Amino acid sequence: MTQGILIKNAYVIDPLSGIRGEIMDIAIRDGRIVEDALPGSEVIDAGGCLTLPGGIDSHSHVCGTKVNFGRYMSPEDMRAGRTSRKGVMHVTSGYSVPTTFGNSYRYSTMGYTTVLEGAMAPLEARHTHEEFTATPHQDMLANTLFDGNWSVMEAVREKDVKRAAAIVAWTLAAVKGFAIKLTNPGGTEAWGWGKDVSHIHDPVPYFEVTPAEIISTMIQANEILRLPHSVHLHCNNLGVPGNFRTTLETMDLAPPAGGDRQTLYLTHVQFHSYGGTTWRDISSKSEEIARSLNSKPQVVIDMGQIMFGRTTTMTADGPMEFKLYMLHHNKWSNHDVELETGSGIIPVYYSRKSLVNCVMWAIGLELALLAKNPWQCLLSTDNPNGAPFVKYPEIIALLMSRRMRENEREEIDPRTEHYVPLFALDRELDWYDIAVMTRAGQAKAMGITRIGKGHLSPGAQADVAIYPLKPDNLDPSVDYQQVMAGFSRTLYTIKRGRVVARDGDVVVEGANSTIWTRSRVPPEYDMGSDPEFTRKFDQYYTVRLRNYPVQDVYLPRGVCIETEAAL
Amino acid sequence: MRIEDVVCPFCGCLCDDLVVSVEGTKVLSVENGCTLATEKFTGDHRLAHPIRRTGGAWEKTTYDDAIRETAEILLDAERPLLYGWSGTFVEAQTLGVHMAELLGAVIDNTSTVCHGPSIMAIQEVGHPGCTLGQVKNRADVIVYWGANPIEAHPRHMSRYTTFTDGFFVKSAFRERKVIVVDIRETDSSEIADEFVKVTPGGDYAVLTALRMIVRGKGDLVPATVSGVTREQLFRVAEICLSARFGAIFFGLGLTMSRGKSKNIRNAIELTEELNRHTKFTISPMRGHWNVYGSNEVFTWITGYPYAVDFSRGIAFYNPGETTSVDLLRRKECDACLVVASDPGAHFPRACAEHLASIPTVQIDPHVNATTHLSRIQIPVAVTGIDAEGTAYRMDGVPIRTRKLFSTGYPDDVAVLGRVYSLVKEAKG
Amino acid sequence: MRVILKTRPRKKPHVPIEAEGIIPQNFLRKNDLTVYEGNRERNLEDLFFVTVEGPAVSPDQVEIILTGDTGRIKRVGEYMNAGRIIIEGDIGMHCGNFMSAGEIIIRGNADAWLGREMRGGRILCEGTAGDYCGAGYRGEKRGMRGGTIEVMGNAGDFVAEYLSGGEVIIHGNCGDLPGVEMRGGTLVIGGNCSRPCGNMTGGTCMVIGDPGELLPSFRRNGSTEVEFGGKKFRMAVFRGDVANRGKGTLLVKEEAIISRSGRDERL
Amino acid sequence: MAISLVAYIREFARWEWARKFLAARTAPLVIPPYFRNYPELTGKTCTHHLFCMMACPAPGAIDVIRTPEGWQPRIHIGHCIRCGLCVEACPNGVLSSGRILESMFRDNTRLSFSFKIDVDLDKCMGCGNCAVACPVNKLIDAQMSHGGRASTDDLLLKLSDGKCRVLHVEKCTGCKTCEHHCPNEAISVARLLEAVHAPEEVP
């Protein structure tokens with residue numbers, strides 16, 4: 001193996017470095033981008049093709065208990081996408097919830113090198129980490145669920161922000177998590193009794209705290225701990241017609257931060273932007289949401305785009321999945337996690353014939369088109385909830401081509417246009433916007449630019465994707481088919497300085513790392529020796545405190561981001 | 001030396017609060033564990049070294065030779081079966097699946113003879129479940145259906161359900177109602193508030209009747225359904241409906257009786273129906289301590305929880321066709337590797353006979369019924385005693401077992417890793 | 001065109017053969033098909049003596065005759081869309097999977113999953129059929145969607161599970177839970193069975209013999225007269241399965257109900 | 001009819017009888033020290049030891065119930081045989097009957113309970129139901145009642161080497177919860193009631 005790689009004639013867009021499309025060379029050595037290549041480096045001629053930092057998915061469900069249960073309960077889904085062992089590639093199966101290697105290979109061939117698992121229940125963190133090691137071609141991060149955490153809710157009730165922060169710090173370090181995830185805060189605890197919360201001021205049974213209080217406290221705790229990412233929030237009332245009000249109220253909870261840091265990341269906002277009162281009169285409220293977003297630089301969202309076809313929905317939002325089940329009456333799995341959170345899984349089919357689905361489809365696109373700043377609206381499908389991530393290229397094409405949207409308009413329920421503003425939007429995103437929405441924006445929002453993610457400046461991690469697209473002689477608004485094909489399959493995907501995928505095939509065994517965070521707190525805030533915390537742990541969990549933390553052996557290449565908590 | 005918080009590698013309860021005293025490589029005492037746990041820690045019938053059968057007799061062999069011969073047997077076979085896996089840890093199971101991929105083998109775990117039907121039912125209708133702590137802290141109604149936890153999971157009731165106090169259940173056995181459904185009185189039915197005695201094979205109809213009552217179609221329920229009176233059915237439905245949080249646990253009495261997966265499906269649909277009124281969950285009582293781990297590993301690598309056939313390169317799954325018992329009954333297999341389980345004791349006679357007629361290799365610490373069917377046996381360390389690794393509790397909570405001391409035995413990963421590299425070498 | 005495939009003797013006769021390539025449309029141009037014996041890839045000729053008689057211009061004109069030790073051959077006729085396959089003996093699992101047109105005639109017995117997820121065409125089995133005849137795949141919500149399966153002998157358990165279209169006729173007895181989860185189509189059972197149509201939501205099932213134990217979740221809804229095998233029968237009509245909000249129809253012989261009424265308090 | 005009535009009066013209205021009836025003098029009635037009436041509440045605080053119930057030989061004669069003021073014994077007159085054992089058994093003098101308390105005080109006697117717990121090791125599966133349900137254990141070790149882990153050896157019962165072991169039988173209050181909840185009938189509690197002279201020190 002040569003010491004390095006030199007990529008010549010690359011059409012580089014590197015938003016974080018301010019490069020908006022220049023033909024240049026990129027030198028790689030020892031897994032990092034360097035100024036100059038070593039003599040004898042392997043030379044890759046990009047031939048003017050689009051070259052971007054490795055793709056980053058800031059919200060995807062690919063590993064862990066509920067994802068695996070999605071696979072477990074869906075042999076019919078596994079019938080699609082089966083490949084046999086080929087070279088270094090393991091067998092893969094599945095379409096909407098592929099096997100770990102399936103996810104990894106498909107992400108790799110799309111140029112993705114970093115993926116954040118959207119929801120990890122702390123108690124079952126070990127499982128997520130085990131699957132991370134079986135998703136070998138992406139660096140992984142895990143959002144850790146705190147939405148129904150009893151200790152946190154008690155701290156919120158006592159209005160003790162510092163204690164909440166200390167609990168978060170202890171938990172993230174124990175389970176090797178990356179950031180705070182709140183999924184329907186309070187609602188998952190209410191679901192322990194088969195209930196839900198109906199708005200952000202609706203108190204949680206017994207704990208008598210409101211979602212708004214949980215969100216605000218956790219935002220403060222997050223900033224006290226100086227975690228790289230902000231609070232990552234799945235709002236209350238997902239998928240309920242009229243829920244845009246909840247979303248707007250929630251956005252108002254985000255305090256402004258210093259600089260251009262966000263204090264709140266709202267995920268899959270498409271599912272939270274519905275007007276109307278029932279499924280019959282559901283309408284798009286993307287304009288209201290975008291207006292609020294455009295006035296709040298402290299908020300970042302991702303789209304949560306849905307795409308037509310079959311998929312599997314899975315979320316920690318247990319009550320929502322049950323409501324969905326009652327609608328579809330197909331199959332339903334639920335998994336409550338003691339003292340922490342819940343989850344639910346059901347398969348769905350988004351149909352072009354369904355007005356509701358068409359409205360949902362339009363809303364996601366509208367959010368991306370109406371958000372003035374691409375750094376504030378990232379591309380996602382909340383894989384696999386809106387659609388499997390393999391649909392990203394199609395979404396990119398839709399965003400870049402008005403013509404493609406018009407063509408799609410012919411295919412969908414004709415009433416859609418009365419409920420959505422999509423077809424009035426002329427905006428077509430450019431290559432730069434896409435680069436922001438698929439990697440640079442993610443890296444910035446997740447706060448991992450410092451460890452060399454999402455950009456190509458010297459010192460950065462050598463995660464590079466070269467797509468068979470030549471922006472100089474391609475008009476994406478016309479040649480959207482080519483855009484789609486190009487983003488589906490890189491010429492080269494380079495991960496930490498190694499070519500991992502070439503022309504759609506993975507060519508090496510992977511060796512990913514897992515990125516986690518640890519906030520140093522003063523000893524009096526160490527929950528591991530807090531009598532009240534440990535007493536409750538001993539009495540109410542079913543595992544021993546000593547058997548709870550994820551051992552280092554589960555992170556063979558762990559990367560820890562340490563912060564100093566302001567406690 | 002006293003070692004605290006030891007994880008028990010016996011049943012699916014995976015109790016992790018044992019205190020084990022050891023001296024050198026000997027276990028002196030086990031605290032907090034049940035009889036089965038203590039037996040596992042203190043019992044000692046370990047095979048000292050690999051053995052192979054020549055003619056009618058056993059001869060001692062080396063690890064090198066045994067491993068090489070195992071690889072050869074597997075490489076020669078046209079329909080090899082890799083069976084077992086529930087008594088070992090996740091890392092070894094992972095190797096097993098990768099090996100099956102390369103060999104074009106069928107890989108199957110012990111679900112095939114226990115909760116395979118439950119998995120099939122879950123694949124039809126899903127699984128509203130929860131972790132055991134959720135039951136401990138909230139449940140006021142507990143149903144054991146076709147399960148006898150006292151025998152098979154002795155501490156289930158005292159650690160997770162009936163007797164343990166939880167956050168919202170301060171005085172457990174006074175506040176929780178226990179319903180036991182079975183075809184006969186059992187130890188567990190002794191402590192039930194309501195014992196429902198069903199005629200053998202009648203579970204499906206009883207579940208159907210309960211669903212009807214919960215749905216408000218109770219008028220159609222006849223005076224007795226499979227031996228259960230209409231009055232009792234209504235009483236049971238009323239207890240369930242008035243629960244704040246109910247939990248159903250089902251065992252082999254439901255999975256392995258007439259109707260099989262359809263019984264479980266019906267029970268799951270009853271749970272779903274009850275969720276329209278209150279909160280209910282349902283969970284299988286998994287037997288082997290890490291059988292759920294093998295389901296998880298198989299699933300994340302192949303997409304299917306058990307009975308995965310790689311003979312065509314891709315993963316194919318079809319219980320009834322690719323499950324071990326069916327393969328052996330049809331005499332399809334021409335070689336078998338048994339890891340950490342005892343099919344000789346659990347499989348029907350015809351299957352065991354076929355195992356004896358083909359080259360069967362067993363990787364297991366102990367001499368057991370399968371030893372008598374095997375051509376080679378390779379002893380390994382016992383996970384949870386002299387080896388460590390990940391295991392999944394019956395509710396999906398992963399726990400790392402502890403290694404109490406070192407013996408000279410290699411663990412499953414060491415042995416399988418060497419077989420795997422030989423296979424990899426041969427397959428290029 | 002007539003293609004005669006006679007099995008060659010094998011060293012390990014129990015190892016299954018997967019031969020989804022054996023369908024009429026594949027024999028129009030070439031005979032070098034791949035089949036699989038266990039985990040080994042084989043040429044058709046390795047496992048069969050192949051004789052081709054006469055020409056054909058379309059798959060409709062192709063008739064395949066399978067003879068010899070055929071009981072271990074799986075997936076024959078999978079995705080078949082025209083022509084005819086005649087199996088002189090027994091046939092292995094998954095015969096006629098997904099077939100959409102054409103005809104399969106089995107002179108012997110068929111193993112499980114006969115006509116799984118079948119879309120159209122006709123399968124005639126002169127012997128007995130195994131479990132899951134005319135059923136679907138694990139986790140899938142729809143089984144057989146069209147066509148006809150006729151079994152002259154008995155069939156196993158879970159016949160026509162998830163049936164959603166087409167017709168399954170079993171002249172003999174069925175095992176447990178025939179028509180379970182049925183949602184459309186027609187199932188006719190000439191003989192006896194037990195617990196028919198558990199959890200059905202749609203479709204029609206008719207049991208001419210003894211329906212064995214009936215589930216409590218069916219509501220009596222009058223009676224009707226049907227004809228089967230040239231005889232007329234007076235049938236009790238049930239609607240259900242009410243436990244599953246079902247709107248299926250189950251027809252059971254009136255005499256069977258009367259003779260049962262002693263032990264079944266509901267009727 | 002009239003004649004017989006007259007005869008009747010004549011027979012019974014004899015002077016001798018009337019004189020004796022009106023003029024007789026006997027010693028006043030004294031309640032003997034051994035007389036035991038239905039037990040009454042003395043107003044002392046019941047500590048819910050249930051010794052009264054355990055000592056009572058008549059089925060259903062005494063209950064200890066929770067009232068708004070706290071626990072209190074309740075006597076069911078129809079069942080009570082007035083043996084007074086409950087009065088003697090109560091460690092707190094909650095009940096009184098006749099002069100029992102008085103004479104106990106005078107003679108310095110009392111009834112003492114002790115318990116013997118037998119575990120049939122052949123039947124015991126080590127399920128831990130008894131140890132977790134045990135109300136004494138519950139007071140000593142919350143971890144025990146929350147899932148069966150013994151965090152101390154001060155417990156009355158715990159699992160050791162796969163069987164239930166009795167560690168501190170002297171802590172037993174004889175409630176028999178363990179016995180009621182043992183699925184195998186492997187554990188039994190014997191109550192030993194004996195009269196002792198002068199309250200002994202609890203070892």
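Letters go in sequence order (proteins before strands), and every chain restarts at 1. Since the structure is predicted, the reported quantities are computational estimates derived from the model, not experimental observations.
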Examine the side chains of B:R286 and B:S111 and answer whether a donor and an acceptor come within less than 3.5 Å of each other.
-> yes
Per-residue contact mode, A:V553 against chain B (heavy atom under 4.5 angstrom) = side chain
How are the rings of A:W191 and A:F322 set to each other: parallel, tilted or perpendicular (split at 30° and 60°)?
-> tilted
Check whether B:R393 gets within reach of chain A through its side chain, its backbone, both or neither, counting any heavy atom under 4.5 Å.
-> side chain
Which residues, numbered in order, of residues 94-105 of chain A come under 4.5 angstrom of chain B by heavy-atom distance?
-> A:T99, A:T100, A:F101
Winner by heavy-atom pair count (cut-off under 4.5 Å) against chain A, out of B:T278, B:I119, B:N137 | B:N137
Quick one: do the A:S74 and B:Q123 side chains pair a donor with an acceptor below 3.5 Å?
-> no
Without hydrogens or angle criteria, can the side chains of B:E425 and B:Y420 be said to hold a donor-acceptor pair below 3.5 Å?
-> no
Under 4.5 Å to a heavy atom of chain A? For B:H277 that would be neither
Taking the six-membered ring of A:W193, is NZ or CZ of B:R138 closer than 6.0 Å to its centre and within 45° of its axis?
-> yes
Donor-acceptor pair, B:N275 side chain versus B:T271 backbone, under 3.5 Å?
-> yes
Report the relative orientation of the aromatic rings in A:Y72 and B:Y292; use parallel for angles under 30°, tilted for 30 to 60°, perpendicular for over 60°.
-> tilted
A:T171 side chain to A:I167 main-chain N or O, any donor-acceptor pair under 3.5 Å?
-> yes
For B:E91, is it the side chain, the backbone, both or neither that has a heavy atom under 4.5 Å from a heavy atom of chain A?
-> side chain
Report the relative orientation of the aromatic rings in A:Y206 and B:F167; use parallel for angles under 30°, tilted for 30 to 60°, perpendicular for over 60°.
-> perpendicular
Assert top hit (heavy-atom pairs under 4.5 Å, partner chain A, pool B:G303, B:G126, B:P398, B:G313) equals B:P398
What do you reckon, is NZ of B:K170 surrounded by more than 12 foreign heavy atoms closer than 6.0 Å?
-> yes
Using 30° and 60° as the class limits, which term best fits the ring planes of A:H129 and A:F132: parallel, tilted or perpendicular?
-> perpendicular
Using a cut-off of under 4.5 Å on heavy-atom pairs, state which of B:Y160, B:F245, B:F168 scores highest against chain A.
-> B:F168
Contact class of B:F310 relative to chain A, heavy atoms under 4.5 angstrom = side chain
Counting only heavy atoms closer than 4.5 Å, note whether B:T302 contacts chain A via side chain, backbone, both or neither.
-> backbone
Which bit of B:K427 is near chain A, if near means a heavy-atom gap under 4.5 Å: side chain, backbone, both or neither?
-> neither
Toward chain A, the part of B:V135 with a non-hydrogen atom under 4.5 Å | neither
Pick one of side chain, backbone, both or neither for B:F316, based on which atoms fall under 4.5 Å of a heavy atom in chain A.
-> both
